[in-house]
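Numbering starts at 1 and runs along the sequence shown. We use all heavy atoms of the structure for the numbers below, so side chains are in, but hydrogens, waters and symmetry mates are not.
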Amino acid sequence: MKMFKKISMIMVAMACVFAVSNTIWAESPKQVNINTATLEELLTLKGIGEKYAERIISYREENGNFKNPEDILNVKGIGEKLFEKNKGVIVTENPKEGQ
């Protein structure tokens with residue numbers, strides 16, 4: 001019986017360590033280039049549904065590439081709150097001219 005308690009406590013401790021370590025070393029969110037992202041990739045952004053994703057694509061088709069992540073604020077319906085939720089993952093890396 002004592003051995004069963006020890007094994008149970010060790011298993012519980014290991015489960016706790018695993019749960020914490022999994023959170024600590026979890027993958028960081030994937031960056032999304034709003035100049036090249038597909039509809040599906042845009043849908044991975046927080047608060048971006050199909051309607052907003054389509055607006056982002058339409059905006060870049062009509063106006064050209066976004067110069068910086070903040071330019072997404074020019075898309076109808078996307079405000080500061082939505083931008084703040086995603087600013088760490090939105091990128092606009094453009095190929096350098098002449099390459």
Counterpart residues, ring pair (Phe, Tyr, Trp, His ring centres under 6.0 Å), relative to Y59 (two or more places apart)
F66
Set of residues satisfying side-chain hydrogen bond (donor to acceptor under 3.5 Å, both in side chains) with respect to K87, sequence neighbours excluded:
E84
Quick one: side-chain hydrogen bond (donor to acceptor under 3.5 Å, both in side chains) partners of E61, sequence neighbours excluded?
none
Can you check whether [X] reaches [Y] side chain to side chain, under 4.5 Å on heavy atoms?
X: I34; Y: V91; value: no
X: L42; Y: V32; value: yes
X: K30; Y: V89; value: no

Using distance only, find each side-chain donor-acceptor pair of residues 48-57 under 3.5 Å and give its atom names and separation, not counting sequence neighbours.
from : atom 1 : to  : atom 2 : distance (Å)
Y52  : OH     : G77 : O      : 3.3
R55  : NH1    : K76 : O      : 2.9

State whether the side chain of N68 and the backbone N or O of T92 hold a donor-acceptor pair below 3.5 Å, judged by distance alone.
no
Tell me if a side-chain donor or acceptor on N86 pairs with a main-chain N or O of K46 at a distance below 3.5 Å.
yes
Taking side chain to side chain contact (heavy atoms under 4.5 Å, CB included) as the test, write out the residues that go with K81, two or more places apart.
none
Between the CG atom in N74 and the CG atom in D71, the distance rounded to the nearest 0.5 Å is 5.5 Å
